[in-house]
Amino acid sequence: MKDTIVQTPIGNLEIKIRKGKLTRLSWTKKAKTELKIESKKINRQLIQYFKGDRKKIDFPITANGTPFQKKVWKAISSIKYGKTTTYGDIAKKISSSPRAVGQAAKRNPLLILIPCHRVVAKNSLGGFLGKCGVRKKERLLRIEKIN
DNA sequence: CGACTGCTTTGCA
DNA sequence: TGCAAAGCAGTCG
């Protein structure tokens, strides 16, 4: 199966689909413009999401990670559209530490499906993709009408 | 500021 | 393989 790239208003998204399931969804710097999307379905959903018309991406997904990472991702997934939480809150919920939560968030292979952009630091926006992507994070939050 | 945190990754044997 | 050390999208004093 081929990897594909979808253009979104805030950057290109690299998509990997394995056996009919979405395994990875991450920002890419590649300047590839052709859209050879295998599943029109996920493409359409993403477009709608970025227009603000859709609140949930509905697609079979598989995310591989350590048991701890899965716990974190699950906790993050339960954040509702338009809401934010802090790393500390997540940590508390799964009795861990904020630092560890942040690390797990970074390793998240499904960037916006697991809404890690809704997780912010206590007294600032927090990081995103090694601090170079905070702009993206901001715009994602803007789409969801936060701030 | 600095100390501390929990977990992953990296390095080196 | 194994274990120690470093490193994080944080937070508290």
Side-chain angles (χ1 to χ4, degrees), chain A residues 1-19 21-33 35 37 39 42-43 45-147:
Chain A
M1 285 219 188
K2 270 184 208 156
D3 305 337
T4 53
I5 294 178
V6 166
Q7 289 177 316
T8 76
I10 67 173
N12 291 344
L13 225 39
E14 187 174 358
I15 297 185
K16 290 185 195 214
I17 296 174
R18 296 283 180 277
K19 300 188 174 151
K21 292 191 177 177
L22 191 56
T23 60
R24 194 174 175 83
L25 185 59
S26 55
W27 303 110
T28 176
K29 283 173 188 153
K30 282 182 217 161
K32 205 170 170 186
T33 49
L35 301 177
I37 188 81
S39 167
I42 183 73
N43 190 14
Q45 291 192 17
L46 285 171
I47 302 290
Q48 285 177 346
Y49 173 82
F50 282 102
K51 268 168 49 183
D53 293 344
R54 172 178 275 274
K55 302 189 168 149
K56 252 190 204 159
I57 310 264
D58 180 21
F59 204 79
I61 57 175
T62 54
N64 293 325
T66 64
F68 171 76
Q69 288 172 338
K70 285 184 184 159
K71 262 203 304 194
V72 174
W73 298 338
K74 196 178 166 192
I76 295 180
S77 305
S78 70
I79 305 172
K80 296 194 184 83
Y81 187 94
K83 300 268 180 184
T84 60
T85 322
T86 64
Y87 295 95
D89 282 344
I90 304 271
K92 210 164 151 193
K93 200 173 283 186
I94 61 178
S95 31
S96 175
S97 91
R99 217 86 167 81
V101 173
Q103 196 176 203
K106 188 178 184 180
R107 306 289 175 218
N108 165 26
L110 296 168
L111 236 29
I112 62 175
L113 290 210
I114 296 168
C116 33
H117 54 277
R118 291 177 205 151
V119 185
V120 297
K122 198 169 187 193
N123 289 310
S124 75
L125 195 53
F128 198 64
L129 261 48
K131 296 202 172 160
C132 21
V134 278
R135 300 281 288 284
K136 285 189 173 113
K137 189 170 182 175
E138 256 181 345
R139 296 196 61 176
L140 281 171
L141 292 173
R142 190 69 49 82
I143 288 171
E144 302 193 357
K145 309 203 167 42
I146 300 166
N147 280 1

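Naming convention: chains lettered A, B, ... in sequence-line order (proteins, then strands); numbering from 1 in each chain. Please read all numbers here as calculations on a predicted model, not as lab measurements.
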TODO: Return the nearest nucleotide to the side chain of A:R107; candidates are B:dT9, B:dC7, C:dA9.
DONE: B:dT9
Open item on the list: Minimum heavy-atom separation for A:P109 and A:A63, please, with both atom names.
Closed with: CG-CB, 4.2 Å
Task: G-U wobble or Watson-Crick pairing nucleotide for C:dT11 (cut-off 3.5 Å, both distances) - done: B:dA3
Task: Nearest to side-chain heavy atoms of A:A121, which nucleotide of C:dA9, C:dG10, B:dT8 - done: C:dG10
Open item on the list: Strictly below 4.0 Å: does A:T66 bring a side-chain N or O up to OP1 or OP2 of B:dT8?
Closed with: yes
Task: Below 4.0 Å: OP1/OP2 of C:dC12 and any side-chain N or O of A:K122 - done: yes
- [ ] Assign each of A:P98 and A:F68 to its nearest nucleotide of DNA chain B by heavy atoms, then name whichever residue's nucleotide is nearer the 5' end.
- [x] A:P98
TODO: Check whether the side chains of A:H117 and A:E144 place a donor and an acceptor atom closer than 3.5 Å, and report yes or no.
DONE: yes
Open item on the list: Counting only Watson-Crick pairs (N1-N3 plus N6-O4 or O6-N4) and G-U wobbles (N1-O2, O6-N3), all under 3.5 Å, who is the partner of C:dT1?
Closed with: B:dA13
Open item on the list: If you assign A:A100 and A:N123 each to the DNA chain C nucleotide with the nearest heavy atom, which residue ends up on the more 5' nucleotide?
Closed with: A:A100
TODO: With heavy atoms under 4.0 Å as the rule, sort A:A105 into base, sugar-phosphate or nothing.
DONE: base
Task: Over all atoms of both residues, closest heavy-atom pair of A:L46 and A:I15 - done: CD1-CD1, 3.6 Å
Open item on the list: Any base atoms under 4.0 Å from A:Y87, or only sugar-phosphate, or nothing? Heavy atoms, all strands.
Closed with: base
TODO: Locate the shortest heavy-atom distance separating A:R54 from A:Y81; write the atom from each residue and the value.
DONE: O-CE1, 4.0 Å
